[in-house]
Amino acid sequence: MVRGESGLLACCPQDSKPVYEPSKRLLTWPNGAIATCYSADEPDLLRGPQHDAGWADEIAAWNRPEAWDMLLLGLRLGAHPQVIATTTPKPVKLIRELVQKAEKDNSVAITKGSTYENQLNLAANFIDTVVGAYEGTRLGRQEIEGELLLDVPGALWKFDWIANNRVDEAPESLQRVVVAIDPATTHGEDSDFTGIAVAGKGNDDQFYLLHSEGVKLSPQAWAKRALDLFDKFKADRLIAERNNGGEMVEHTLRTIRRTAPIKTVHASRGKTVRAEPAAALYEQGRVHHVGVFASLEDQLTRFPVATENDDEVDAVVYALSELSGRGVITFS
């Protein structure tokens, strides 16, 4: 906000640039105007001071939303005190309340902007690689398009269950790691995706999703891909659904590696019923995505009511059922 590339020091013209005193948390402009910096983690610092304007940044990420209340209580100077909040529109309570207020009266105004509007200031490969990877996904609609995405009614997973428990890396030592496959039985443009997930169980009794993808590959190619991931993550078991492919699934894997440790899954219950135990682990905060898996997270937060594909969901469900011992899936 102050020293960033688009912060106050960078944006103010040279002849009206403020002096910043970090130790005092103070900005002073040549005309005598001042601004004080506060941390949302210390809302009590806002008790007492008075202001005629405020700028609150990334309010959706504030760990102590009461800082917003303290800020508003101090906005009592001047004829028309105002506050502007700039943030990624995550569906937290404060954001939802502001949106509802904007719909009821004119005391709150909402403006939106997308990453595309800032392309001139971004590296070309960022647009190509990062933005392109998440374009069209639920996460992309939030982070790139600036949409406020509320949970899909009837979906088993809530986005906060994923986002609030995301980690940058898994523990060095995991009790077990498995690769799970929800295979497509045909190959071609109109064929289904094959879902492949890699998950591990830590010594802390938590579960870590290490990899997820949906691929359109021939049986030989997806089998090789699964075995490559098996080696990369040092897994101890391959879990493969055999509902549609029957013995073909295990046969395809053993064609590439005869001694592969394979356990097949017969999913005899409906998709929703067999997914519920895995969703419960997420709700309990016991599943941690190691990084962002955009297409999977889009499927999870729409399943089973509004998703076109659920291949990655199935693969994750099989992996977590094996690692946790929970579920209604028959293994053999």
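All residue numbers refer to positions in the sequence shown, counting from 1.
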Does [X] have any side-chain hydrogen bond (donor to acceptor under 3.5 Å, both in side chains) partners at least two apart in sequence or in another chain, and if so, which?
X	value
R257	D231
D205	K201, R286
Y20	none
D236	R176

Checking side chain to side chain donor-acceptor pair (under 3.5 Å) for the pair W29/S16: CA distance, chi angles, key distance, verdict? CA-CA 7 Å; W29 276 262; S16 60; 5.9 Å; no

Quick check on [X]: does its [atom1] atom have over 12 non-hydrogen neighbours (other residues, nucleotides or ligands) under 6.0 Å away?
X	atom1	answer
N203	CG	yes
K17	NZ	yes
N164	CG	yes

Restricting to pairs with a member in residues 138-176, which pass ring pair (Phe, Tyr, Trp, His ring centres under 6.0 Å), not counting sequence neighbours?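 Residue pairs passing ring pair (Phe, Tyr, Trp, His ring centres under 6.0 Å), neighbours aside: W157-Y282.
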
Please tabulate, for the side chains in residues 74-84, all donor-acceptor contacts under 3.5 angstrom to protein atoms that are two or more places apart in sequence or on a different chain.
from: R76; atom 1: NE; to: Q50; atom 2: OE1; distance (Å): 2.8
from: R76; atom 1: NH1; to: L73; atom 2: O; distance (Å): 2.6
from: R76; atom 1: NH2; to: G48; atom 2: O; distance (Å): 3.3
from: H80; atom 1: NE2; to: Q82; atom 2: NE2; distance (Å): 3.4

Identify whether [X] and [Y] are in the same connected component of the hydrophobic contact network (ILVMFWY, side-chain heavy atoms under 4.5 Å).
X	Y	result
M1	L26	no
I181	F193	no
V313	V305	no
L238	Y208	yes

According to salt bridge (charged side-chain N to carboxylate O under 4.0 Å, His left out), who are the partners of [X], at least two apart in sequence or on a separate chain?
X	answer
E147	R141
R225	E213
E66	R64
E297	R166

What is the distance from atom [atom1] of [X] to atom [atom2] of [Y], rounded to the nearest 0.5 Å?
X	Y	atom1	atom2	value
T301	K158	OG1	NZ	11.0 Å
Q142	T88	CD	OG1	6.5 Å
L209	F293	CG	CZ	4.5 Å

Non-neighbouring partners of P65 that pass side chain to side chain contact (heavy atoms under 4.5 Å, CB included), sequence neighbours left out: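 Side chain to side chain contact (heavy atoms under 4.5 Å, CB included) list for P65, sorted by chain: empty.
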
Set out, in order, the CA-CA distance, both residues' side-chain angles and the distance that settles side-chain contact (heavy atoms from CB on, under 4.5 Å) for V316 and E312, then state yes or no. CA-CA 6 Å; V316 167; E312 292 185 67; 5.5 Å; no

Check whether [X] reaches the backbone of [Y] with its side chain - one donor and one acceptor, N or O, closer than 3.5 Å.
X	Y	result
D105	S107	yes
E58	T87	no
W62	D57	yes
Q284	L281	no

Could you tell me whether the side chain of L8 reaches within less than 4.5 Å of the side chain of W55, counting heavy atoms only?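 In short, these two side chains touch, coming nearer than 4.5 Å.
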
Would you call K232-D228 a salt bridge at under 4.0 Å N-O?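 No, this pair does not count.
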
Between I110 and A102, what is the shortest heavy-atom contact and its length?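 Shortest heavy-atom separation between I110 and A102 comes out as CD1-CB, 3.7 Å.
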
Please list every donor-acceptor pair under 3.5 Å in which a side-chain atom of residues 37-47 meets a protein atom from a residue at least two apart or in another chain.
from: Y38; atom 1: OH; to: H51; atom 2: NE2; distance (Å): 3.3
from: S39; atom 1: OG; to: D41; atom 2: N; distance (Å): 3.1
from: D44; atom 1: OD1; to: R47; atom 2: NE; distance (Å): 3.0

